[in-house]
Amino acid sequence: MSVPTRSGRVTVNTLRRMKQEGEKIAVLTAYDASFAQVLDEAGMDIVLVGDSLGMVIQGRETTVPVTVDDMIYHSKAVQSQLKRSLLMVDMPFMSYTDPASALANAARLMQEGGAQMVKLEGGAPQVDTVAALARHGIPVCAHLGLMPQSIHKLGGYRVQGREQQAAAQMRDDALALQGAGADVLLLECVPEALAAELTEAVEVPVIGIGASPRCDGQVLVLQDILGITPDDAPRFSKNFLTGSDSIQAAIAAYIEAVKAVEFPAQEHTF
Ligand code: KIV
């Protein structure tokens, strides 16, 4: 299991050490205090308050309507129960259009919401913003591949980086974001070969969702692993409640499967 700091908390240093030692990082979303407590007690390395809350909590069609105030409301609830897991919080749509607004909004997520790391979507265009956040001591996760906040521009949810040029761009983006000070990269819906190459190319941990078992860790949406939305569950997800006799057991099974590199399997990989 991961080696937390003396305070018992997972930090950016813990995550780096886990990458170096080949221990997989388990990440799951949570949006409220009850589930945050269950995830923390199960030994989740990172709890993500994702802007997926727009869909799974608020019933919206996309993540686009989610606001900074929404993120703070849910982060506060989650943070109240975390004793060990690192709290990562999404910066919502349009909250980081330039370094100054990113700094102001990340400060709110940390000071009011209790975030220990913020996550933003984007490649090279976000380099200056990531550098500004890093310079001010704000840990950052940069989300590459499928970026749900750009869904209206993308025209649909599909695998990214299949074409040579797109793959080359993602490689350049990953290195540039690491160079700017990103502490973690997250790849969503990326083919296995590219995900493996990027994971080896960078020193920072790479978390995947639909990006093969060859990333340094995995993230899924809580409601998907509990089978709450079976008709909407993406192909890269798995219902861990099937075969478990409680929610706690399902969450423990998810962590074990990630650590043992049993999840994601071939059928969850592109
Ligand atoms: O918002 C979210 O939950 C996310 C994960 C799907 C990675 O960004």
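Just follow the structure's listing: the first ligand is 1, and inside any ligand the first atom is 1.
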Exercise. State, with a plain yes or no, whether a side-chain heavy atom of Leu146 is found less than 4.5 Å away from one of Arg158.
Key: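 They are not in side-chain contact.
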
Practice problem: Would you mind reporting whether Gln126 and Asp173 have side-chain heavy atoms less than 4.5 Å apart? | Solution: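 Not in contact.
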
Quiz prompt | Basic-acidic side-chain contact under 4.0 Å: Asp224, Lys238 | solution = no

Quiz prompt | Asp51/Arg60 ion pair, N-O < 4.0 Å | solution = no

Quiz prompt | Aromatic ring pairing His268/Phe263, orientation class (parallel under 30°, perpendicular over 60°, tilted between) | solution = tilted

Self-check item: Counterpart residues, side-chain hydrogen bond (donor to acceptor under 3.5 Å, both in side chains), relative to Asp32 (two or more places apart)
Solution: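 Partners of Asp32 under the side-chain hydrogen bond (donor to acceptor under 3.5 Å, both in side chains) test: none.
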
Polar pairs, ligand 1 vs protein, N/O only, below 3.5 Å.
from, atom 1, to, atom 2, distance (Å)
ligand 1, 1 (O), Asp51, N, 3.1
ligand 1, 1 (O), Asp51, OD1, 3.0
ligand 1, 1 (O), Ser52, N, 3.0
ligand 1, 1 (O), Ser52, OG, 3.3
ligand 1, 1 (O), Asp90, OD2, 3.0
ligand 1, 3 (O), Ser52, OG, 2.5
ligand 1, 8 (O), Lys119, NZ, 2.8

